[in-house]
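Chain naming here is simple, since letters A, B, ... match the order of the sequence lines and numbering starts at 1 in each.
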Amino acid sequence: MSSSRQQAKRRHRDAEQGWRSDDDEYDYSGNQQSAGAGSHATESESEPVSKLSTQDQDLIDRLAFEERLRARDSAATRSTGESERDRRDREAAQERDLIARLEADERRQVLERSRQISRSSYLEKRVSDKLAEAEALARAERLLFRDQDLTERELRQRELRERTFRTASEHHERVDAVETGYVLPDETTYEPEKDLKRARKKEAEQFRRYTSTEKGDTGRSAWEDEQIGKGQLRFGAGAGRAGPGSSGPAGLLMLDDLLQGEDIEFVLDQVAGGTPAAEKLTPAEIAAQEERHRARTIREQRESLPAFEYREEFLRVMEQNQVVVLVGETGSGKTTQIPQFLHEAGYTRRGRIGCTQPRRVAAMSVAKRVSEEMGTRLGQEVGYSIRFEDCTSDRTVIKYMTDGMLLREFMTEPDLKSYSVMIIDEAHERTLHTDILFGLVKDIARYRPDLKLVIMSATMDADKFSRFFDDALIFKMHGRRFPVDIYYTKSPEADYLDACVVTTLQIHLTQGRGDILVFLTGQEEIETVQENLQKRMKALGPKAPELIICPIYANLPSDMQNKIFEPTPAGSRKVVLATNIAETSITIDGIVFVIDPGFSKLNSYNPRTGMSSLLVTPCSRAMVNQRAGRAGRVGPGKCFRLYTRWSYEHELEENTVPEIQRTNLGNVVLLLKSLGIDDLVNFDFLDPPTPETLIRALEQVRASPVPSRHLHFPLAQLIVTICAMLSVNSSVFYAPKDRKSESENARLALTRPHGDHMTLLNVWNSWVETNYSVQWCFENFIQYRSMNHARDVRDQLLKLLERVEIKLVSNEEDDIAIRKAITAGFFYHAAQKNISGKDFRTSKSNQTVLIHPSSTLHKTPVEWVVYHELMLTSREFMRQVTEIDPTWLVEVAPHYYSGSDITGSETSGKGFHGEKRHKSSGSALR
DNA sequence: GAGCACTGC
C-alpha cells in the first residue's frame, strides 16, 4: 500500500511536469479492480470448447448473427423515427466510406497534376517578379503575404503592423532577458497609428542595423555562396527551381538570397477561434490580467474562469435534466470546474462523481489541480484511477479516470451504483473506449433515473450527441482563446516537405517573436525536414538568428522529448517538428506559428483481409482546426496551411472517421462479452461498426479459446514476458537516422535465432540481468520507456495468472517449446515462403506478404513463419515474426490445418533440428 | 533493399 502511494507520488510529480520522466524507478503494485476484472474475462475465455462443436457453433452463431442483422435492418426500415434515422446515418456513412475509397486515388492523381502545373506557371511568373524586387527585410511581410486584392489602405495597415510588431518583439527580448516565459506584446503592436513617428524611427534604426552588418562583413564569402548553392542543389526538394540568388544589393542578409525564388505565397483568409472577450482586450490589458491572475488566490482564479459565470445556470439545468450535453470551448475550465460545482451542490452525498479522460496524463494532472483547488490531498476527496495505479480512497468523491478504466469498472459494478454523476469528457475525440461507454451509460441511465450524465465536448458533434441521448439538452459555454490568423497558400504545393522548410525559414526571418510548430506525419518526415533545415541554416551562416530544431514523436526517447519544453533563449527561435502527438497529448508553451501540411498517418483495419494499414491520409477539417488552435494558446497566433482554401473546403472531410469504425474489434467483443453483452448487433453504438468488422471480430474471438488450452503452465512465465514485450509493439528498439550503423550493431548483438519473439525475450532477460538499468538501454538503443511499460504489463499479467491460480514454474529456456507455444497462439497467422523465394503467402487467406524490415528475420532464409500482425504501409508486411516447423501447425491446431496444408515445404514431415528436445518438452504443450 | 501515427486496459 505504501509502495503504491510512493509510486503515485512520483507520478503526480511527473504529471506536474506535464510529461513523464523516465529516470524514475518504478514500484509495482497490483490493482484490485482490474485484477478481479481480468479473472472474470479469463473465465469466459477459457470455457472448454471441443473441436467439432466449435466449428458447428461457429456456423450456427454466424448464421444467427447474420439473421439478426437482417432482422434489425428490416425492423429499422419498418419503424419510424430514431431507428430509421440511425439506419440512414449508417448507410450514408458506409456509402461515404466506399465513395471516399474509390475516389481517393483518382483525386490524388488529379490533385498532383494540378499542383505541378500550377507550380510551374507560378515559378515562371516569379522569375519576372524577382527582377523588380530589391530590399528584403523592410518588405518582409509584404513578400510573405503578397496579395493583389488588397486596397491601398489595407496594405498600409499591414506595413504598419509589421513594422510595429518588430518593435514590439525587440521589446520582448529585453523583457525576456530578465524573466523567462512568454511576454505578451504591448499595445503598440495593435494601435500603430498612435505612434507612427516612433515606428518610423525604429524602422530606420532597424534598417541601419542590417546595413551596418554589411559594412562589417563586406559581403558573403565565396565559400558561403557556394554552401548556399550546394544546399540548394543537394538538399532542397525544390533544387533547380531557381538560379543562385541575384536580386538585391550584394552583401545584405537577404531573404531572397536564402529562399531563392522559392518563397511561398500565402493568403490571409480568416481568423479562427478567439473568444469575443479576448479579442476586445489590448495586449497590455491581457498582460495585466495575466499578472493579476498569478497573484490571485486559488478561489479568485476559479472565479475568473469562464465556467464560473455559468455555475448557477448549469446547476439548475442539471437538476431538471438527467442527461446534459455540455459544449465547452478550450479554456472554459469545464474539466476542473464542473465536478466541483456538482460536489458543492451536494451531488456527492448520494455517490461519487466520475469523470473520464482519454489520456492518463490528463487524468492525473487534472485530479491534482482539482485537489489543490479544493485544498485536499490528492487521493483523498479527489483522486484518479488509471491502469497500474489507483489513487483513490474510501473518501474519494471526485474521481478522474481514463475511459478504459471505467470500462473495466463496469465488470465489477455493472450499474455504476457508487456514482451519482458520470461525466464523459473530451467526447468529441471519439476514442474507441468513449464510444463504447456511450452505449453503456445510455443503457444504465434508463433504469437508474437517479444517475446524472454529462457529456462534455468541444464544439463539434454536439447535436449528434444530443440526438443519441434522446435529445438531451445542449448547454454551451464560451472559452478563452486568442485569435489565430489562418493563411492558405495561393496555389497548391507540389512538395509539402520542402514547403515546410521554406515556410519555416520565411517565418524565422520575417516574423516577430514566437516559436513554430510544424505538423508532419512520422519519424521519417521529421528527420528529413530536420536535416534540410539544418543544412539551410548552416548555409545561411552566423548572421541569421539561431533556429533551435526540436523533433518530437512518441517513439523518441524521453530525454530528447523533454528538449521541446526548454524555454527558448532570447534572440533565437524554436521550431518543433511534431507528429500528431502535439495535437492533443502534449502542449508546448510559446507556440505562435503553426505550419500545417494537412496530412497525418491514419490506421484503418480491413476486416476482409485482417490487415491494418497505416497510410498518409489528408486530415479532416476538425483535425486541422484543432492544429490551428495550437497557435492561439499564449497570444494571438498564425497558422500557415500548405494547401489552398479551396482544398480545405472541398477536399477535406468534415470529421475523422471514428476509431470504432476503423479498428479490429476483437478486444471490444471480448470486453462486451465479459460484461454479459452478447448481442452486439443491437448494441447501441453512436456510429455502429460495419457488420463485416463485427463478424470478423466474433470469428477471431471464437478462435482464441483453443490456443489458451494449449498454453501449458510451465511455459507461462516466459510467454507472459513475450506477451508483455509484444504489447509495447515495435517501439523497443530505437533507430535514429544519424546513428544508423551503431543502432543496427547494437540490435544485431541482441538478436537471437528464429525470430522476433525469441529476440524480444532475450532483450528482456538481458535487461533484467542489468537490474533494469537505464544506462544499458541507452547503450543498446533500447527504449527505456518501452521496457518499463513492458515491466508494468508483465507484472499485471503475472498477478492475473496468480488470481486464477496458475502456478508459475520458471524453467530453462527451451526455444522449441516456446516457439511451439507461440505457434499454438498464432496458428491462424502462419505464412509460407513462395516458390519464387521473394515473398510469403499467408496460409488459408492466401495473401502475399513480406517480412517487415524491422524483423530479425528480414534477411534470413526461412520457410515457415507465424506473425503477430499484418500491416500495410509501403508494402504488405508481417510484423513480429517467428520461424516455425510447419508440422507444429497440424500438431497444435488439427482442427485448422491438415497435412495437405503443409506439404510441398522443405521441412514438413522431417524431424527438424531438435526432435529429441521436442519430445522431452512435449508435456509442456497440451 | 527498406521502416513503426496516437491512445488505452
Side-chain angles (χ1 to χ4, degrees), chain A residues 31 33-35 37-38 40-41 356-363 385-390 401-411 426 429-437 519-528 552-556 578-586 599-604 612-617 619 623 626 656 659-660 662-663 667-668 670-671 674 723-724 727-737 740 743-744 747 756 783 786 789 792-793 796-797 800 838-839 850-855 858-859 868-875 877-880:
Chain A
N31 179 322
Q33 261 158 348
S34 59
H40 189 135
T356 69
Q357 295 291 323
R359 281 167 294 279
R360 295 160 54 96
V361 184
S385 172
I386 57 180
R387 188 186 187 184
F388 306 129
E389 192 182 334
D390 183 8
M401 63 191 114
T402 47
D403 44 15
M405 206 63 207
L406 180 59
L407 278 181
R408 295 279 147 180
E409 279 190 21
F410 267 96
M411 292 184 190
E426 313 287 7
E429 286 192 27
R430 302 292 308 275
T431 68
L432 180 62
H433 289 156
T434 343
D435 263 25
I436 302 164
L437 281 177
F519 282 103
L520 296 165
T521 65
Q523 179 177 351
E524 205 181 355
E525 280 187 16
I526 288 174
E527 282 171 351
T528 308
I552 179 134
Y553 44 89
N555 275 356
L556 192 73
T579 59
N580 36 12
I581 192 175
E583 250 166 49
T584 46
S585 306
I586 57 165
F599 292 97
S600 72
K601 276 193 185 160
L602 199 72
N603 191 350
S604 49
S612 298
S613 61
L614 190 61
L615 302 172
V616 174
T617 325
C619 297
M623 207 165 174
Q626 167 86 17
T656 313
E659 194 182 356
I660 199 163
R662 50 182 175 83
T663 42
N667 288 331
V668 173
L670 268 183
L671 181 86
S674 66
C723 287
S727 78
V728 297
N729 199 19
S730 68
S731 53
V732 171
F733 294 95
Y734 172 62
K737 217 179 182 180
K740 203 177 155 195
S743 57
E744 263 172 22
R747 193 183 171 130
D756 301 307
Q783 296 261 23
S786 303
H789 182 79
D792 281 335
V793 173
Q796 192 179 40
L797 287 174
L800 289 176
K838 284 191 173 166
D839 44 24
L850 294 169
I851 294 181
H852 197 277
S854 68
S855 169
H858 180 50
K859 286 183 248 180
H868 186 233
E869 58 181 357
L870 288 183
M871 175 130 280
L872 169 69
T873 50
S874 63
R875 311 282 295 272
F877 288 117
M878 300 179 278
R879 275 169 31 172
Q880 316 290 13

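- Residue A:Ile386 contributes atom CD1, which lies 7 Å from atom P of B:dC9 at whole-angstrom precision.
- Mapping A:Arg747 and A:Gly404 onto DNA chain B by nearest heavy atom places A:Arg747 at the nucleotide closer to the 5' end.
- Nearest nucleotide to the side chain of A:Ile581, out of B:dG8, B:dC6, B:dC9: B:dC6.
- One interatomic measurement links the two molecules: CG of A:Leu615 to P of B:dC4, which rounds to 9 Å at whole-angstrom precision.
- Here the C1' atom of nucleotide B:dC6 and the CZ atom of A:Phe519 are 13 Å apart, to the nearest Å.
- For A:Thr402, whose side chain is taken as the heavy atoms from C-beta onward, the closest listed nucleotide among B:dC4, B:dG8, B:dC6 is B:dG8.
- Of the charged side-chain nitrogens involved, none lies within less than 4.0 Å of a carboxylate oxygen, so that A:Glu525 and A:Lys601 do not count as a salt-bridged pair.
- The distance between atom CD of A:Gln796 and atom P of B:dG8, rounded to the nearest whole Å, is 14 Å.
- Residue contacts for A:Lys740: at a heavy-atom cut-off of 4.0 Å it reaches a base atom on one of the strands shown.
- Within 4.0 Å of A:Gln523, counting heavy atoms only, lie sugar-phosphate atoms of the nucleic acid but no base atom.
- By the ring-ring contact (aromatic ring centres under 6.0 Å, His included) test, A:His852 pairs with A:Phe877, sequence neighbours left out.
- Going from atom CD of A:Glu583 over to atom P of B:dC6 covers 11 Å, rounded to whole Å.
- Between the side chain of A:Ser854 and the base of B:dC4 there is at least one donor-acceptor pair of N/O atoms closer than 3.5 Å.
- Here the side chain of A:Asn580 is nearest to one of B:dC4, B:dA5, B:dC9, namely B:dA5.
- Within the nucleic acid shown, A:Thr873 comes within 4.0 Å of sugar-phosphate atoms alone, with no base atom in reach, counting heavy atoms only.
- Side-chain atoms of A:Lys601 lie closest to B:dC4 of the nucleotides B:dC4, B:dG1, B:dG8.
- The one candidate from A:Asp403, A:Leu407, A:Thr402, A:Thr431 that meets the side chain to side chain contact (heavy atoms under 4.5 Å, CB included) condition with A:Thr356 is A:Asp403.
- Between A:Thr521 and A:Asn667, the residue anchored nearer the 5' end of DNA chain B, judged by the nucleotide with its closest heavy atom, is A:Thr521.
- Put simply, CG on A:Leu671 and CE on A:Met411 are 4.5 Å apart, with the number rounded to the nearest 0.5 Å.
- For A:Glu659, the salt bridge (charged side-chain N to carboxylate O under 4.0 Å, His left out) criterion is met by no residue, not counting sequence neighbours.
- Counting to the nearest Å, the P atom of B:dG8 and the CE atom of A:Met401 are 15 Å from each other.
- Across all strands shown, A:Leu614 has heavy atoms under 4.0 Å from base atoms, whether or not it also approaches the sugar-phosphate.
- Across all strands shown, A:Thr579 has heavy atoms under 4.0 Å from sugar-phosphate atoms exclusively, and none from any base.
- Closest contact between the side chain of A:His852 and the listed nucleotides B:dC6, B:dC4, B:dC9 involves B:dC4.
- In this entry the distance linking CZ of A:Arg360 with C1' of B:dC9 reads 10 Å, nearest Å.
- Of the candidates B:dT7, B:dG1, B:dG8, the closest approach to any side-chain atom of A:His858 belongs to B:dG1.
- Rounded to a whole Å, the NE2 atom of A:His433 is 9 Å from the C1' atom of B:dT7.
- Side-chain atoms of A:Thr434 never come within 3.5 Å of backbone atoms of A:Arg430 as a donor-acceptor pair (strictly under, hydrogens ignored).
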